[in-house]
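All residue numbers refer to positions in the sequence shown, counting from 1.
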Amino acid sequence: MNLPISMDFLSTPLLSTTTTSSSSNTSSDADESPATSHRFIPYNLPKTPSSCSSYRSLSILTGHDGSVSSLAICGEFILSASHGKDIIVWQQPDLRQFTKFGQGDGSVKALVTAGNKVFTAHQDSRIRVWKVSRSSENIFRLVDTLPTTKDYLGKFMKQSNYVQTRRHHKRLWIEHADSISCLSVHDGLIYSGSWDKTLKVWRISDLKCLESIKAHDDAINSLISSKGIVYSASADGKIKAWGRTEPKSSHSLKGILEGHKDISINSVVVSDDGTVVYGGGSDGYIMGWLGSKDFNTWKSVCEVKAHNMAILCMCIKGEILCSGSTDKSICIWKREIKGLTKIGVVKGHGGPIKCLQASPNSVGSGFLLYSGSLDKSIRVWWIPYYQDGVKTDDSNSSVQSTRMIKSV
């Protein structure tokens, strides 16, 4: 059964794109508990929405053994990872389960794709590399684990390559000492953030670890890279910006964006043009910073109470920002010069929203939003683009500030 909308954009070849990121319900499908791995709900998309106050899911996908932790759009496929150690591949446009892989390799915390490879981050502090090939029966095949054996053997003999991770315990600097919570891809590099407070940089071409940065004073929860800058969000309440002065030089700290005192920043996203950085906090606030042309200074441009509980994830699609929360809801925001204006609320999941992913192409006068939850399901929503005249009486006021974030 096909969606009643144009799906021409789904004809792209396998992994032709690179993708970088957890109540009551006003919809009629609030109490549905599908027993099958896929459920399609027919839905006619309005040409010009008169209200964005509520949405209905187009599809509900189930089949994971644990909470859904991460989503990635990979050409004709959607990949979803879970804390139950499994990765499910859903084929568009009908969203049928295509295959499942990765079981037994440790709880999967994050996944990204680059070229014909899929990188998955695990609770056992390893990154696994899967090669994608149509010529093999085993389309998603495990080909390596980071750090690689070659990288390990080249360093384990030198005492200077070991770092203290905790009392009476040392590891090679190329190894993470705790669960890897997030991954990001940019310009031929993979960035990994961990609960061990470090940010590591890996080269995709040979899978070699190039750098290990003592980035934060607490666990790293989220990473995003844009315009040559990688941003790391941490439980220490800070977002840090890292960049290189030369293509082959090491990363250095370019700035610190501070959130509220004694809160964890769980998610970080960047506008398409790389100028505005948003952080989602454990206190339910979204904070935004505008960067200077050289990305050496930022000023605070918004501070919005977005949810009643912690924000766990966010994503951006053009001028639309979506935030997912422990309160089981997704809020839809219009990005404006003055800050953020709420234009809708999405409800339907039975657990906290852990991950969000927007479709790369427009669908009708909107886009598809994929949400993964601790209720072990994935839901697909159609989100209309903001238009003048859309009802916004549920909007939150934004607070504008000119406080500068000093460069480091």
Side-chain angles (χ1 to χ4, degrees), residues 3 5-10 12 16-21 45-53 55 57-58 71-75 78 92 112 184-186 222-229 231 267-280 286-291 295 298 301-302 304 306 311 313-324 329-346 353 355-371 379-392 394-396 398 400:
L3 292 173
I5 50 181
S6 174
M7 283 296 182
D8 293 340
F9 72 93
L10 298 176
T12 52
S16 62
T17 59
T18 298
T19 307
T20 5
S21 208
L45 307 181
K47 293 182 179 180
T48 305
S50 59
S51 173
C52 298
S53 59
Y55 301 81
S57 55
L58 299 176
L71 294 167
I73 297 175
C74 310
I78 298 168
Q92 303 186 79
V112 293
S184 185
V185 178
H186 183 70
S222 180
L223 291 173
I224 191 72
S225 47
S226 173
K227 306 299 181 181
I229 306 293
Y231 300 89
S267 180
V268 58
V269 292
V270 183
S271 60
D272 294 340
D273 61 6
T275 59
V276 186
V277 181
Y278 296 94
I286 297 175
M287 291 154 284
W289 295 268
L290 177 66
F295 298 106
W298 287 262
V301 292
C302 73
V304 179
I311 296 171
C313 54
M314 297 187 295
C315 72
I316 283 181
K317 174 65 175 177
E319 296 305 307
I320 302 295
L321 184 148
C322 306
S323 59
S329 74
I330 302 166
C331 285
I332 313 299
W333 305 87
K334 169 66 176 177
R335 298 175 49 243
E336 299 174 317
I337 295 176
K338 65 180 181 179
L340 296 172
T341 300
K342 185 188 290 185
I343 58 173
V345 179
V346 176
I353 314 300
C355 49
L356 293 170
Q357 181 69 58
S359 60
N361 297 83
S362 295
V363 179
S365 58
F367 64 94
L368 297 182
L369 177 68
Y370 305 88
S371 59
R379 290 192 177 225
V380 186
W381 317 84
W382 182 75
I383 307 297
Y385 291 124
Y386 177 86
Q387 297 183 24
D388 293 337
V390 172
K391 184 179 179 181
T392 58
D394 193 29
S395 62
N396 285 15
S398 58
Q400 189 168 9

Shortest non-hydrogen contact from [X] to [Y]?
X      : Y      : answer
Ser184 : Leu223 : CB-CB, 4.1 Å
Trp298 : Gly291 : CD1-CA, 3.3 Å
Met314 : Gly280 : CE-N, 3.4 Å
Ala306 : Cys331 : O-SG, 3.7 Å
Ser323 : Ile311 : CB-CG2, 4.5 Å
Lys227 : His186 : N-CE1, 4.0 Å

Derivation and outcome, side chain to side chain contact (heavy atoms under 4.5 Å, CB included), residues Leu290 and Thr275:
CA-CA 6 Å; Leu290 177 66; Thr275 59; 4.1 Å; yes
Evaluate the criterion side chain to side chain contact (heavy atoms under 4.5 Å, CB included) for residue pair Leu340 and Arg335; output intermediate values, then yes/no.
CA-CA 5 Å; Leu340 296 172; Arg335 298 175 49 243; 3.8 Å; yes
Nearest-0.5 Å distance that lies between atom [atom1] in [X] and atom [atom2] in [Y]:
X      : Y      : atom1 : atom2 : result
Tyr385 : Lys317 : OH    : NZ    : 4.5 Å
Cys322 : Ile320 : SG    : CD1   : 7.0 Å
Tyr278 : Trp289 : OH    : CH2   : 11.0 Å
Ser365 : Trp382 : OG    : CH2   : 3.5 Å
Phe295 : Ile229 : CZ    : CD1   : 6.5 Å
Gln357 : Leu369 : CD    : CG    : 9.0 Å

Under 4.5 Å between any side-chain heavy atoms of [X] and [Y], yes or no?
X      : Y      : result
Val270 : Ile316 : no
Ile78  : Val380 : no
Pro360 : Phe367 : no

Please evaluate residues Ile286 and Leu321 with respect to the criterion side chain to side chain contact (heavy atoms under 4.5 Å, CB included), reporting the C-alpha separation (whole Å), side-chain torsions for both, the decisive distance (0.1 Å), and the verdict.
CA-CA 10 Å; Ile286 297 175; Leu321 184 148; 3.9 Å; yes
Test item: Thr341 side-chain N/O and Lys334 main-chain N/O as donor-acceptor pair under 3.5 Å:
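No, Thr341 side chain to Lys334 backbone: no donor-acceptor pair under 3.5 Å.
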